[in-house]
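Here is the structure we will look at.
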Amino acid sequence: MEDHTADLEVGSFVAVNLLDWDQTPVIGKVTAINDGHVTIHYWKGTYESSWKPDHFRRNRRKVAWTQDLPKEVILLSNFTLTRDTFLRPETASYLREVYSRIEAEKHSTEQCR
């Protein structure tokens, strides 16, 4: 897999692979970069729908859903959304291919057990 972490910037979008999450794509905006880790604010949407920042409620307050992740889970970085906040066709195509490959590798590993 390619290394998509060399040009990481706070405020840029990243797509990530989360082992315990089966819905794809998973994207977010970088809010902090540390040694070997990145903090992202998750966004919610689908390949076919628009994207918006993801939040949850805590004590009646809207809180950004963020998480500190190892840089190794980044599949794509520094991409942009359309004006209507949809994935660009080339970005969606690339992510479909990458997530499909990851899923196929996961299934072949499970079958070898």
Side-chain angles (χ1 to χ4, degrees):
M1 266 237 187
E2 296 177 49
D3 178 14
H4 293 283
T5 63
D7 56 352
L8 276 178
E9 297 176 5
V10 170
S12 65
F13 279 104
V14 293
V16 297
N17 179 37
L18 302 177
L19 294 176
D20 58 349
W21 196 252
D22 60 354
Q23 294 177 326
T24 60
V26 179
I27 73 169
K29 266 196 176 178
V30 176
T31 60
I33 302 170
N34 322 349
D35 292 334
H37 285 83
V38 62
T39 303
I40 68 168
H41 176 189
Y42 288 109
W43 281 47
K44 61 182 174 180
T46 67
Y47 287 110
E48 295 82 20
S49 71
S50 64
W51 289 83
K52 61 183 179 181
D54 204 357
H55 295 86
F56 63 93
R57 295 248 179 233
R58 180 184 296 155
N59 298 329
R60 292 190 271 197
R61 287 191 139 169
K62 196 171 169 181
V63 178
W65 182 13
T66 62
Q67 188 173 16
D68 188 47
L69 300 168
K71 288 181 180 178
E72 293 81 32
V73 303
I74 295 173
L75 302 174
L76 183 63
S77 63
N78 293 338
F79 59 90
T80 59
L81 301 177
T82 65
R83 181 175 296 181
D84 297 331
T85 68
F86 284 78
L87 288 174
R88 296 189 179 283
E90 61 275 10
T91 304
S93 177
Y94 176 81
L95 290 176
R96 283 181 202 269
E97 180 183 319
V98 171
Y99 283 117
S100 292
R101 197 173 31 209
I102 290 168
E103 192 64 26
E105 289 172 9
K106 187 167 72 172
H107 286 301
S108 78
T109 302
E110 289 172 356
Q111 290 176 352
C112 291
R113 291 182 186 174

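Remark: the backbone N or O of Trp51 is paired with a side-chain donor or acceptor of Thr85 at under 3.5 angstrom. Panel note: side chain Ser93, backbone Pro89; no donor-acceptor pair is recorded below 3.5 Å.
Transitive grouping of hydrophobic side chains (ILVMFWY, heavy atoms separated by less than 4.5 Å) keeps Tyr47 and Phe86 in distinct clusters. Taking hydrophobic clusters as Ile, Leu, Val, Met, Phe, Trp and Tyr residues chained together by side-chain heavy-atom distances below 4.5 Å, Val16 does not share a cluster with Leu19.
Contact annotation: the side chain of Lys44 never approaches that of His55 to less than 4.5 Å [non-hydrogen atoms, C-beta and beyond]. Side chains of Leu95 and Thr24 form no contact here, defined as non-hydrogen atoms less than 4.5 Å apart. Tyr99 places a side-chain heavy atom less than 4.5 Å from the side chain of Val26. At a threshold of 4.5 Å between non-hydrogen side-chain atoms, the residues Val30 and Glu9 do not count as touching.
Closest approach of Asp84 to Ser50, counting heavy atoms only: O-CB, 3.5 Å. When all heavy atoms of Leu69 and Val73 are compared, the pair lying nearest together is CB-CG2, 3.9 Å. The shortest heavy-atom contact between Lys71 and His37 is CE-O, 3.7 Å. Across all their heavy atoms, Ser77 and Val14 have their closest contact at CB-CG1, 3.8 Å. Nearest heavy atoms, Arg88 versus Thr80: NE-OG1, 2.9 Å.
Taken to the nearest 0.5 Å, the CD1 atom of Ile27 stands 9.5 Å off from the NZ atom of Lys29. The structure places OG1 of Thr91 at 12.0 Å from CZ of Arg96, a figure rounded to the nearest 0.5 Å. One finds the OG1 atom of Thr31 at 8.5 Å from the CD1 atom of Ile40 (value rounded to the nearest 0.5 Å). Leu18 CG to Leu75 CG: the interatomic distance, rounded to the nearest 0.5 Å, is 9.0 Å.
For Phe13, the ring-ring contact (aromatic ring centres under 6.0 Å, His included) partners are Trp43, Phe79, not counting sequence neighbours.
Crowding of Asp22 atom CG: a count of heavy atoms from other residues, nucleotides or ligands under 6.0 Å not exceeding 12.
Side-chain N/O atoms of Ser12 and Asn78 include a donor and acceptor closer than 3.5 Å.
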Can you give the donor-acceptor pairs under 3.5 Å from side chains of residues 56-68 to other protein atoms, not counting sequence neighbours?
from  : atom 1 : to    : atom 2 : distance (Å)
Gln67 : OE1    : Tyr42 : OH     : 2.3
Asp68 : OD1    : Thr39 : OG1    : 3.3

